[in-house]
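Single-structure report; data block below.
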Amino acid sequence: QVQLVESGGGLVQGGGSLRLSCVASGITARINTMGWYRQAPGKQRELVASISSDGSTNYADSVKDRFTISRDNVKNTVYLQMNSLKPEDTAVYYCNARRATISTYTYWGQGTQVTVSS
C-alpha cells in the first residue's frame, strides 16, 4: 500500500549536519501526517518531528531550533534537516506516515542510522 524508504544517515562529527530523506511510494494519496522518529539502543522510540498536509509542524523539545522538517507533496518526500548535531542525537531514525481512507493506517520505513561522534 505505502512503502517508505529513508536515506541520508551516516557518521558525522558533533556540530555537523545531515539531511534525511524519506520517499513514499505505492498508494500515496491521502497521506496526512509524515514524521520522523528515532530510537537509540535501550531506549523507546520517540517522536522527533512531524508535519501535516497543511504544513503545520511539531518538534521534540530536544531538537527544536536545530532540526527542520519539510515535505514535497509532488515528490511524496519528507525531509529532516539536522544541524548542530550532538552525540545524544545518535539513533536509528525512522520515517512515519499516516494515510486516511475509510480507516487510518500507519506506515514505517526501515530506518537509517545516524551516528554523531564527540
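Looking only at distances, no side-chain donor or acceptor of Ser50 sits under 3.5 Å from a matching main-chain atom of Gly35. Side chain of Arg66 to backbone of Ser84: a donor-acceptor contact under 3.5 angstrom is found. Between the side chain of Tyr59 and the backbone N or O of Ile69 there is at least one donor-acceptor pair closer than 3.5 Å.
For CD of Gln110, the number of neighbouring non-hydrogen atoms (other residues, nucleotides, ligands) closer than 6.0 Å is 12 at most.
To the nearest 0.5 Å, atom CG of residue Leu85 and atom OG of residue Ser117 are 10.0 Å apart. If you take CG on Asp89 and OG1 on Thr115, they are separated by 11.0 Å, rounding to the nearest 0.5 Å. Put simply, CZ on Arg38 and OG1 on Thr112 are 14.0 Å apart, with the number rounded to the nearest 0.5 Å. Atoms CG and CD1, on Asn73 and Ile31 in that order, are 9.0 Å from each other to the nearest 0.5 Å.
Tyr79 approaches Thr77 most closely through the heavy-atom pair CZ-CG2, 3.4 Å. Nearest approach of Gln113 to Ala91, heavy atoms of both residues: NE2-O, 3.4 Å. Between Arg71 and Ser53 the shortest heavy-atom distance is NH1-N, 3.3 Å. Counting all heavy atoms, side chain and backbone alike, Thr101 lies closest to Arg99 at CG2-NH1, 3.3 Å. Taking both residues in full, the closest heavy atoms of Gly111 and Glu6 are given as N-OE1, 2.9 Å, listed atom of the first, atom of the second, then distance. Contact detail for Thr90 and Val116: the closest heavy-atom pair is OG1-N, 2.9 Å.
At least one test fails for Arg98 against the ring of Tyr105: distance under 6.0 Å to the centre or angle within 45° of the axis.
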Step by step, would you call Phe67 with Val48 a side chain to side chain contact (heavy atoms under 4.5 Å, CB included)?
CA-CA 9 Å; Phe67 293 7; Val48 177; 3.7 Å; yes

Go through the steps for Gln81 and Ser70 under the test side chain to side chain contact (heavy atoms under 4.5 Å, CB included), then give the verdict.
CA-CA 8 Å; Gln81 179 66 48; Ser70 61; over 6 Å; no

Side chain to side chain contact (heavy atoms under 4.5 Å, CB included) evaluation trace for Tyr107 with Gln1:
CA-CA 9 Å; Tyr107 303 91; Gln1 294 182 9; 2.6 Å; yes

Checking Trp36 against Val78 for the side chain to side chain contact (heavy atoms under 4.5 Å, CB included) test, could you report, in this order, the C-alpha distance in whole Å, the side-chain angles of both residues, the deciding distance, and whether it holds?
CA-CA 9 Å; Trp36 291 93; Val78 63; 4.0 Å; yes

Please list every donor-acceptor pair under 3.5 Å in which a side-chain atom of residues 11-29 meets a protein atom from a residue at least two apart or in another chain.
| unit_1 | atom_1 | unit_2 | atom_2 | d |
| --- | --- | --- | --- | --- |
| Ser17 | OG | Asn83 | OD1 | 2.9 |
| Thr28 | OG1 | Asn76 | ND2 | 3.4 |

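Taken together through direct or relayed side-chain contacts under 4.5 Å among Ile, Leu, Val, Met, Phe, Trp and Tyr, Val2 and Tyr37 form parts of separate hydrophobic clusters. If you chain together hydrophobic residues whose side chains sit under 4.5 Å apart, Leu4 and Leu80 fall into the same group. Hydrophobic clustering (side-chain heavy atoms under 4.5 Å, transitive across Ile, Leu, Val, Met, Phe, Trp, Tyr) groups Trp108 together with Val92.
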